[in-house]
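This report refers to the structure that appears directly beneath it.
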Amino acid sequence: MREVIGSVYDYRCGQDINMFGQVVGFLFRPEPDGEEKTEFELSGLIAEELEVMGRKERQAVMRRAGLNPDQYDF
């Protein structure tokens, strides 16, 4: 590891500390989360399956998943 860091970082020069910080920040940056998921997507329900269900059954499934069935139009 010292060989990799040593090629980027000169231990005697303060100017290279900034470059070293940028390299380390790039190597160890967190993965992007991407898009935030909606409450429906997080519930694990599949819209296509809900569409073929009867109204009462769909409402019961959505309530069990913690969703308000009145907020969704099927």
Donor-acceptor pairs under 3.5 Å, side chain of residues 57-68 to any protein atom, not counting sequence neighbours: which ones?
{"residue": "R58", "atom": "NH1", "partner": "L50", "partner atom": "O", "Å": "2.9"}
{"residue": "R58", "atom": "NH1", "partner": "M53", "partner atom": "O", "Å": "3.2"}
{"residue": "N68", "atom": "OD1", "partner": "D70", "partner atom": "N", "Å": "3.1"}

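With sequence neighbours left out, the side-chain contact (heavy atoms from CB on, under 4.5 Å) criterion links K56 to no other residue.
A ring pair (Phe, Tyr, Trp, His ring centres under 6.0 Å) check over residues 35-65, counting only residues at least two apart or in different chains, returns the pairs F40-Y72.
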Under the side-chain contact (heavy atoms from CB on, under 4.5 Å) rule, what do E41 and T38 come out as? Steps first, then yes or no, please. CA-CA 5 Å; E41 292 171 329; T38 64; 3.3 Å; yes
